[in-house]
Structures are given as structure tokens and as C-alpha cells.
There are 2 protein chains.
Amino acid sequence: MPSARSPFDPLWVGVADPLRSAIVEGRLAPGKALSENQLAAEYGVSRTPVREALRLLMEEGLVEMLPGRKVRVAVPRPSDVREVYDVRAVLEAEAVRRLLKTEETARRVVAEMERACDVSDAALARDDLTALAAANARFHAALVSALGNRRLLADYETIYNLVALYRHQSLRIEYWAEAGNAEHRALLDRLRRGDEAAAIDLLRAHIERACALVCRRYEQAPAPVIETPGPSTSPPETRSTGREDSP
Amino acid sequence: MPSARSPFDPLWVGVADPLRSAIVEGRLAPGKALSENQLAAEYGVSRTPVREALRLLMEEGLVEMLPGRKVRVAVPRPSDVREVYDVRAVLEAEAVRRLLKTEETARRVVAEMERACDVSDAALARDDLTALAAANARFHAALVSALGNRRLLADYETIYNLVALYRHQSLRIEYWAEAGNAEHRALLDRLRRGDEAAAIDLLRAHIERACALVCRRYEQAPAPVIETPGPSTSPPETRSTGREDSP
DNA sequence: TTTTGTGTACTTGTATACAAGTATGCCGAC
DNA sequence: GTCGGCATACTTGTATACAAGTACACAAAA
């Protein structure tokens with residue numbers, strides 16, 4: 001729930017929100033050049049709100065500025081990927097620790113995570129990738145809610161957006177979903193038994209595996225090419241007919 | 001070291017940097033209203049760079065926007081304080097864990113932390129509060145460097161700025177320095193012995209105590225008054241003759 | 001005295017104008 | 001054909017102009 005955007009919000013949220021979605025959902029590929037003028041024309045506002053939106057997305061790491069001051073969708077380097085996954089590991093591990101501190105919280109959160117797993121399985125069976133991604137997000141959101149700290153939660157959301165960006169360019173969603181859900185169930189098992197150390201080990205291994213997979217992908221394709229502008233949210237994204245991930 | 005600001009940097013860093021320093025160092029009190037026009041005049045630039053600087057500082061939590069769209073130096077609420085100290089505890093605890101993972105790193109970092117403690121003691125003996133604050137920062141920076149993650153490090157720096165802001169309004173620096181340094185030495189002892197659990201317990205207790213102290217202060221003085229503008233970096237800050245913290 | 005209304009002097013949000021820098025493509029010369 | 005140079009069409013950074021909203025003070029009326 002994107003926290004109820006009112007029509008009285010400043011214009012830049014009306015630019016930042018859809019732009020963020022477009023990047024996170026993979027409709028805007030990494031390396032895509034973003035022109036202030038073009039975005040302004042696209043969203044029917046002037047450059048000023050566009051600049052503010054871009055600056056926010058830069059803070060979030062979804063957009064980056066090149067030495068020549070040109071702006072583009074962030075092109076992740078392996079070091080970035082590793083750091084982001086590392087942050088995720090730190091936050092989720094801490095969530096596990098806090099989760100297990102009080103039995104009642106543990107029961108509640110684990111139940112919610114389990115529901116998310118079920119939904120995830122169902123979505124996978126139906127081949128409904130959108131629902132699957134949502135269910136996965138719900139699983140992690142439930143876990144991380146145990147942090148009980150709005151600031152850490154917000155950081156986690158930012159990080160999770162970056163993970164989504166990385167993943168879109170490197171893996172078929174079916175793959176990580178299938179492999180991931182089994183590991184999620186294993187984690188739930190450890191949580192139910194209250195085995196903190198085992199749960200955290202599992203979590204770290206899970207995240208490290210995902211990270212390695214993504215990193216390998218980026219090392220294979222190290223070309224940080226600046227793509228030509230063109231209308232930014234165009235669905236027929238030139239070369240979009242074939243999947244890009246057959247090994 | 002503020003990472004070598006070149007004269008070719010965009011103008012807003014020339015606003016954001018001194019403004020951040022002024023807030024963190026306590027020259028701009030929480031609640032102080034910040035006017036774009038006034039800041040623009042003060043720094044000899046137009047409103048545009050000022051706006052970008054303010055937006056950055058808002059992201060960092062040093063500045064906040066009121067419902068009426070007025071901007072002021074952040075006035076911490078107890079819940080904010082608790083969350084910030086909590087984030088700090090999470091990051092420092094993780095740093096301890098990583099620190100103790102490899103003996104060589106542990107030795108190096110602990111040595112650096114010890115040096116910082118010595119400098120801190122010396123500064124305290126000389127009553128040199130500036131050097132003392134710097135030494136304290138060095139102690140924590142050494143610890144947190146063990147995170148080995150630029151992103152976490154940056155987050156920690158942001159958090160540390162907020163802690164500085166909170167502290168300035170609530171405690172005499174001598175107080176927390178004196179109490180803190182003893183606890184720092186105790187932490188070093190646990191680290192040297194490689195006792196992770198004890199070190200983390202100590203750390204958490206240390207941070208929680210500091211947090212409680214600050215929180216209590218803010219609960220005593222709950223008035224989030226908007227101070228009248230006036231020239232922002234004025235040293236004779238109206239009511240600045242007497243210390244505000246005799247209990 | 002209290003209350004109400006209005007004007008004024010602020011505030012920020014947005015749009016636009018201008019300046020400067022950079023890449024690109026074309027055209028001519030070799 | 002290839003290379004050099006210039007013009008052009010971008011880019012962003014900054015300043016300013018305009019609009020709209022808010023708060024406060026002052027004055028007039030009850």
C-alpha cells in the first residue's frame with residue numbers, strides 16, 4: 001500500500017513513484033539514460049519536480065549520475081550487489097533474533113510467513129508471476145516487521161527495491177521462486193523450533209547463494225552501456241521478444 | 001575528512017555541508033525555522049540549490065518539514081531517539097560479530113579503538129571538548145569499520161549525526177564522555193578476550209543507557225516550539241549564556 | 001474588552017529563462 | 001577513404017518569475 005497519495009502532494013511524488021515502480025519492476029532497464037526534459041514532457045510537469053524526483057531516486061540507489069552529469073538507471077556493479085545483499089542479511093538476521101525473543105511474536109510472525117509461503121506455492125502452481133512476487137515480498141515483509149523499527153524497515157524496503165532491480169536483470173523469476181520457497185520453508189522450521197543460530201545460518205546461506213547467482217550474472221555481462229533514450233516507459237522495449245536468461 | 005570538495009561541485013553541497021555541520025555541532029538548535037530565501041541570501045546562491053540541500057538533509061533526518069510545508073531543524077521525539085539508538089545498536093553489534101570473526105582484524109581494530117580511548121582520556125584531562133568528541137567519533141568509526149560495507153558505513157554516519165544532534169540538546173559532553181570512556185574500556189576488554197556475547201551485551205547496555213538518558217531529557221522538555229528565524233548561524237543564540245543541563 | 005475581518009508580508013511549489021558544458025554529426029580538406 | 005574542425009542540438013546547473021497558500025498584525029465593529 002503506497003500510503004495514500006493525495007492530489008495535494010507535491011508534483012515530484014507523481015514522478016518519483018511511477019519511475020521507481022518502472023525501475024523496480026524491470027520496465028526500465030539498468031543503463032537507460034534519463035533526460036530531465038523528456039521525463040518532464042512525459043509526466044506533464046516542468047523540470048523542477050523531475051529533478052527532485054531524480055535526486056530522491058539517486059539517494060535510494062535506483063538511479064545514478066555519471067561523471068558527465070548524465071543520469072541513468074543504476075547499472076549495478078558486483079561490489080554494489082554484494083553490499084546490498086549483505087545489508088539485507090544483516091537486517092533479516094536481526095529480525096530473526098528479535099522474532100525469537102518473545103514467543104508470542106514468534107508465533108504470530110511465523111504464521112504470517114507461512115501463509116505467505118502457501119500463497120507463493122499456489123501462485124507458482126498457477127504460473128502467476130505477479131502474485132508470486134507479491135507473496136515473496138509478503139514473506140520477507142512479515143519477517144522484517146519483527147524489527148519493530150520504522151527506520152530499519154524503511155532501509156530494508158529501499159534495499160529490497162535494489163534487490164528486485166538486480167534480480168530482474170539476472171534471473172528468471174520462476175527460478176529463484178522455486179528454489180527460494182523450499183529454503184523459506186526450511187527457515188520456518190528452524191524458527192518454529194526456536195533455533196536462532198540455525199535459522200540465521202540458513203538465512204545467510206540463502207542470501208549468499210542468491211547474491212552469488214546475481215553477481216556471477218553481472219560478471220558475465222560487464223558492459224555498462226548507456227542505452228539510447230527513447231520514450232522511457234515504452235512497453236515494446238526494442239529487443240523484448242526473447243527472454244534474456246537462457247544460459 | 002569531508003572527501004575533498006572541489007570548486008566544481010554543484011552549489012548545493014556548499015549549502016548542505018555547512019548546514020549539516022551547524023546542526024550536528026549544535027550551532028543550529030532543533031526547532032529553528034529554516035527559510036529558503038534566507039539561506040539563499042546567506043550563502044549567496046539562489047533558492048534552487050538551497051532546496052536541493054534541504055531535501056538531502058531531510059532525507060538524513062536532520063531537518064523536517066511541518067504540515068504547513070515549513071522547514072525546520074528536526075525536533076526529535078522520544079520515539080525517533082529510540083529508533084536511532086536502536087539502529088546504532090544493531091550496526092555496532094554486527095560490527096562486533098564481524099570483528100571477532102578473524103583474529104587479525106580483531107587485533108588491528110581493537111588496537112585502533114584503544115588508541116582512540118587514550119586520546120579521549122588525554123583530551124578529557126585537558127578539558128579539550130573538541131578533541132574529546134573527535135576521539136569518541138574515532139573510537140566508534142574504528143569499530144564500525146569492521147562492517148566492511150560502505151553502505152552500512154554511510155548509514156552509520158547518518159545515524160551518528162543524529163545522535164550528535166540529540167546529545168547536544170540533552171547532555172553535557174563531559175558527562176557522557178566520562179561515563180562512556182569507562183564503558184568503552186570494558187568493551188575493549190571483552191573484545192580482547194573474544195567474548196562476543198559479553199561484548200554485545202555490554203554494547204547494548206551502553207547504548208540503551210545513553211538512549212534512556214537522552215529520552216528522559218526530551219520527555220522533560222516536550223515543547224516542540226518553532227523558534228523565530230533570525231540569522232541562522234548567529235553565535236549569540238539569544239538565551240545561550242547559561243548551560244541548560246544542570247539537573 | 002473581545003471579536004472579526006482584512007491586508008500585508010511572508011512562506012513554498014512550480015515553471016521558465018539563461019548560461020555553460022558536452023557529444024554528435026556533418027562537411028570539407030587531405 | 002580518413003581525419004579534423006565546426007556547427008548544432010542536446011544535456012544539466014542555476015537564477016528568477018509567478019502563483020497560491022498561510023500566518024500574523026492591525027484596525028474596526030460589537
Side-chain angles (χ1 to χ4, degrees), chain A residues 5-19 28 31-59 62-75 223-232 234, chain B residues 5-19 28 31-59 62-75 223-232 234:
Chain A
R5 188 151 30 98
S6 97
F8 302 118
D9 276 343
L11 289 191
W12 60 264
V13 314
V15 178
D17 284 354
L19 206 52
L28 245 52
K32 175 98 179 175
L34 298 174
S35 150
E36 293 180 1
N37 278 320
Q38 188 180 319
L39 290 170
E42 210 164 311
Y43 288 99
V45 298
S46 82
R47 277 177 55 211
T48 313
V50 170
R51 283 177 68 82
E52 310 204 342
L54 286 180
R55 208 163 280 291
L56 175 63
L57 294 178
M58 279 182 48
E59 288 297 314
L62 292 171
V63 151
E64 66 189 0
M65 201 167 67
L66 273 59
R69 298 238 146 115
K70 291 206 181 310
V71 173
R72 67 177 187 187
V73 177
V75 174
V225 181
I226 305 179
E227 301 192 2
T228 163
S232 67
S234 66
Chain B
R5 187 152 30 98
S6 99
F8 302 117
D9 276 345
L11 290 190
W12 60 263
V13 314
V15 179
D17 283 354
L19 207 51
L28 245 53
K32 175 95 177 178
L34 298 175
S35 150
E36 293 180 1
N37 278 321
Q38 188 180 320
L39 290 171
E42 208 165 311
Y43 288 99
V45 298
S46 82
R47 277 177 55 212
T48 313
V50 170
R51 283 177 67 82
E52 310 204 344
L54 285 180
R55 208 164 279 291
L56 175 64
L57 263 41
M58 279 182 47
E59 289 297 315
L62 292 170
V63 150
E64 65 189 1
M65 201 166 68
L66 273 58
R69 298 239 147 114
K70 291 204 181 312
V71 173
R72 67 176 187 187
V73 177
V75 174
V225 181
I226 304 179
E227 302 193 2
T228 162
S232 67
S234 66

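Convention: sequence-line order gives letters A, B, ...; per-chain numbering from 1.
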Asks: Quick check: do A:P18 and A:Y43 have side-chain heavy atoms less than 4.5 Å from each other?
Replies: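 They are in contact (side-chain heavy atoms under 4.5 Å apart), so the answer is yes.
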Asks: Nearest whole angstrom, please: distance from the P of D:dA9 to the CD of A:Q38.
Replies: 18 Å
Asks: I need the minimum non-hydrogen distance between B:V50 and B:S46, along with the two atoms involved.
Replies: CG2-O, 3.5 Å
Asks: Are A:L34 and A:L57 side-chain neighbours, meaning at least one heavy-atom pair lies under 4.5 Å?
Replies: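 Contact flag for A:L34/A:L57 side chains = no.
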Asks: What pairs with B:R51 under side chain to side chain contact (heavy atoms under 4.5 Å, CB included), at least two apart in sequence or on another chain?
Replies: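 Only A:E52, B:E36, B:R47, B:R55 meet the side chain to side chain contact (heavy atoms under 4.5 Å, CB included) criterion with B:R51.
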Asks: Over all heavy atoms of both residues, which pair between A:L54 and A:V63 is shortest? Give the atoms and the distance, please.
Replies: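 In terms of heavy atoms, the two residues are closest at O-CG1, 4.3 Å.
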Asks: With the sugar-phosphate defined as primed atoms, P, OP1 and OP2, and the base as all remaining atoms, what B/S/- string results for nucleotides 12-20 of chain D, 5' to 3', for protein heavy atoms under 4.0 Å?
Replies: BBBBBB---
Asks: Taking A:E59 for its side chain and B:L56 for its backbone only, find out whether a donor-acceptor pair lies under 3.5 Å.
Replies: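 Checked: no pair found.
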Asks: What pairs of nitrogen or oxygen atoms, one from the protein and one from nucleotides 7-9 of chain C, lie under 3.5 Å apart?
Replies:
none

Asks: Could you walk me through whether B:L62 and B:L19 pass the side chain to side chain contact (heavy atoms under 4.5 Å, CB included) check?
Replies: CA-CA 10 Å; B:L62 292 170; B:L19 207 51; over 6 Å; no
Asks: Indicate the atoms forming the closest heavy-atom contact of B:E64 with B:V75, along with that distance.
Replies: OE2-N, 3.1 Å
